[in-house]
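Okay, so here's the structure we're looking at.
Each ligand, and each atom within it, is numbered from 1 in the order the structure gives. Everything quoted here is computed from the prediction, not taken from an experiment.
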Amino acid sequence: MNLVPARSRPEMRERTIAIVGAGLIGTGIAYELAKRGASVTVFDRAEPARAASWAGAGMLAPFSEEMPDPAMLALCRASLEAYPEFVAELRERTGLDAQFLRHGTLHVALDERGLHDLVARAAAYAANGGEVSVLDRAQTLEREAAVSRGVAGSVFIANEAQIDNRRLGRALVAGCAALGVRFEHTDEFALETDARRVRGLRSKRGFVAADTVINAAGAWAGAIDGVPLAARVPVFPVAGEMLAIAVPHAFARALIWHGHTYLVPRSDGRLLVGATVLERGFDTRVTAAGLSALLGAALHAAPSLGTFAVVESWAGLRPGSPDQRPFLGATPLEGYFVAAGHYRNGILLTPITARAVADLVLDGRSDVALGAFAVTRTISQRGLTALEALAAAGASANA
Ligand SMILES: Cc1cc2nc3c(=O)[nH]c(=O)nc-3n(C[C@H](O)[C@H](O)[C@H](O)COP(=O)(O)OP(=O)(O)OC[C@H]3O[C@@H](n4cnc5c(N)ncnc54)[C@H](O)[C@@H]3O)c2cc1C
């Protein structure tokens, strides 16, 4: 790899940094490192920003997720707060607007029992920091006229947002390129190490030396060849299917019901309907059962959608982690870092992950609290170490 001189950090030793994975997490980290003057190459075997980062819905909704985990909630909230500046700076640098919109999220209840449950959950949304209001039937229809006339009421969370993640991916790739980050297509490769530290990456095309390698390989992060057992992470794929209906201006904001089913309007006139949650290995087929479930739920919530065209369907692989926290930071192998396992919140967590991992790589520390996300943590939920969880995840992925 060629080295470019450090720009903003004259004291920084020149170093070669390789990132595996050009999703939002990998390109976000590359962007942040390059802004601080580092020389970075991003390796991917596919097109940049096309995997889960392209497939996601772009909801930035930490309160709707009902996270019981204070560390994860704090990280998600910090990332949501970082978003406006992150996107504005990227727009200034590239001319590409990723459309961060803080229009709030509306949780609708389609019957009285659902409303009872929803109102009970509203206290938890508020306790987590959501700006919550409970709306009756008339107020709900006034806000979103396309909702079923049978709606019983809703809960509105005003301080949640959304981003067009496909645009964000394009903007980050352009931002990286503008800062001199190189993108390399690679097929199979393996991490090369000595007894103590990482040395680089070896592929069919030869050896690329790197004194820092960051694994940002999304759902594949647990399967990078050549990684010593002690530095591996138990990340596994969780498939999600989605579809889009061409229906301009049906809704002003993201609409959620039955927990995991949602509608997200895009400015290009598509209404996204998501998403299934399936542990079935690295399978990205869109199934008839998945589409049927999504369409059935969407038409139940908004029957008027039935006359519009379905224009797209797709599936992606969320990078799952046994305790639903990402793995962020250094590993027992010197020079080898991980930023993976963001599961349902990787789009939300892109700005904070980019900053925190760049801090760790360049300064060895970060003011973002990362202890709960350490690669070597005990997976407390199931009393397993990361290594034991890796074995368990391998067993379930093959099931
Ligand atoms: C249906 C669905 C809906 C979602 N909705 C939301 C949402 O509303 N809000 C939210 O915050 N998050 C959401 N997510 C989750 C979010 O999309 C992910 O957490 C996030 O995109 C993960 O980003 P990533 O960069 O880690 O992984 P990816 O985007 O998957 O990128 C990983 C990259 O690594 C590359 N790679 C892997 N292995 C190798 C290898 N060996 N060599 C070279 N390259 C390799 C891949 O080709 C890929 O480009 C959703 C996900 C799905 C699937």
Side-chain angles (χ1 to χ4, degrees), residues 18-30 41-62 64-65 75-76 79-80 83 105 160-166 168-169 172-173 183-191 201 203 213-227 233 235 237-244 254 256 260-264 272-278 282 284 286 290 294 313-321 324 326-328 338-354 357:
I19 298 179
V20 179
L24 288 180
I25 298 300
T27 55
I29 296 168
T41 304
V42 182
F43 295 85
D44 205 304
R45 59 186 170 200
E47 208 182 311
R50 283 289 295 195
S53 299
W54 178 90
M59 292 207 297
L60 310 177
S64 294
E65 287 281 302
L75 194 73
C76 288
S79 205
L80 178 59
Y83 241 108
T105 308
E160 293 191 322
Q162 62 159 293
I163 189 91
D164 186 328
N165 41 297
R166 295 182 185 178
L168 179 62
L172 273 173
V173 171
F183 286 87
E184 294 273 346
H185 184 269
T186 175
D187 292 318
E188 296 310 306
F189 72 85
L191 195 72
L201 301 172
S203 72
V213 174
I214 304 169
N215 175 352
W220 301 267
I224 300 293
D225 284 342
V227 177
V233 283
V235 173
V238 182
E241 299 155 307
M242 293 190 63
L243 60 92
I256 302 182
H260 288 338
T261 318
Y262 48 79
L263 301 173
V264 183
L272 312 190
V273 184
T276 57
V277 179
L278 301 159
F282 294 92
T284 51
V286 179
L294 293 172
S313 65
W314 66 93
L317 300 172
R318 305 174 185 88
S321 123
Q324 303 196 1
F327 295 92
L328 302 175
V338 177
H342 294 75
Y343 189 39
R344 295 167 55 88
N345 288 296
I347 300 166
L348 170 60
L349 287 171
T350 293
I352 200 84
T353 300
V357 174

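- Among the atoms of Gly21, none of the N or O lies under 3.5 angstrom from an N or O of ligand 1.
- The closest protein non-hydrogen atom to atom 24 (P) of ligand 1 is Ile25 CG1, 3.7 Å.
- Nearest-heavy-atom check against atom 42 (N) of ligand 1 across Phe189, Phe43, Trp220, Tyr262 picks out Phe189.
- Contacts of Arg344 with ligand 1, taken as heavy-atom pairs under 4.0 Å, involve the backbone alone.
- Near Gly218, meaning under 4.0 Å from one of its heavy atoms, ligand 1 places the atoms 26 (O), 27 (O), 32 (C).
- Residue Arg318 forms a side-chain contact (heavy atoms from CB on, under 4.5 Å) with just one option from Leu278, Asn345, Val238, and that option is Val238.
- With a 4.0 Å heavy-atom cut-off, ligand 1 is reached by no atom of Trp54.
- Using a 4.5 Å cut-off on side-chain heavy atoms (C-beta onward), Phe183 and Glu47 make no contact.
- When each of Val213, Thr186, Ile19 is paired with Phe43, the side-chain contact (heavy atoms from CB on, under 4.5 Å) condition holds for Thr186 and for no other.
- In this structure, atom 31 (O) of ligand 1 lies nearest to the protein heavy atom Gly23 CA, 3.5 Å.
- Near Gly316, meaning under 4.0 Å from any of its heavy atoms, are these atoms of ligand 1: 53 (C).
- Nearest to atom 5 (N) of ligand 1 among the protein's heavy atoms is Ala57 N, 3.1 Å.
- Close approach to Asn345 involves these atoms of ligand 1, each under 4.0 Å from a residue heavy atom: 10 (C), 11 (O), 12 (N).
- Both the backbone and the side chain of Ile347 come within contact range of ligand 1, each with a heavy atom under 4.0 Å.
- Heavy-atom separations between Gly58 and ligand 1 include at least one value shorter than 4.0 Å.
- Against a heavy-atom cut-off of under 4.0 Å, Met242 is close to the following atoms of ligand 1: 1 (C).
- In Ile224, the part holding a heavy atom less than 4.0 Å from any atom of ligand 1 is the side chain.
- A donor-acceptor pair is defined here as one N or O able to donate and one able to accept, closer than 3.5 Å; such a pair exists between the side chain of Ser53 and the backbone of Leu24.
- The closest protein non-hydrogen atom to atom 50 (C) of ligand 1 is Gly56 CA, 3.7 Å.
- Among all non-hydrogen protein atoms, the one lying nearest atom 41 (N) of ligand 1 is Arg45 NH1, 3.4 Å.
- Between the side chain of Gln162 and the backbone N or O of Val264 there is no donor-acceptor pair closer than 3.5 Å.
- The residue Trp314 has no part lying near ligand 1, judged by heavy-atom distances below 4.0 Å.
- Contacts between Pro319 and ligand 1, counted as non-hydrogen atom pairs separated by less than 4.0 Å, involve the side chain only.
- The two residues Ala339 and Ile29 have their closest heavy-atom pair at CB-CD1, 3.5 Å.
- The protein non-hydrogen atom at the shortest distance from atom 47 (O) of ligand 1 is Asp44 OD1, 2.7 Å.
- Within ligand 1, counting atoms from 1 as listed, the ones closer than 4.0 Å to a heavy atom of Leu24 are 25 (O).
- Note that the CD1 atom of Ile224 and the CG atom of Asn215 stand 5.0 Å from one another [nearest 0.5 Å].
- The ligand atoms of ligand 1 that sit less than 4.0 angstrom from a heavy atom of Leu348 are 10 (C), 11 (O).
- With hydrogens left out, the protein atom closest to atom 17 (O) of ligand 1 is Ala52 O, 3.1 Å, a heavy atom.
- With ligand atoms numbered from 1 in the order given, ligand 1 contributes 21 (O), 23 (O), 24 (P), 25 (O), 28 (P), 29 (O) to contacts under 4.0 Å with heavy atoms of Ser53.
- Atoms of ligand 1 lying under 4.0 Å from any heavy atom of Met59, numbered from 1 in the order shown and given with element: 7 (C), 8 (O), 9 (N), 10 (C), 11 (O).
- Atom 15 (C) of ligand 1 has as its closest protein heavy atom Tyr343 O, 3.0 Å.
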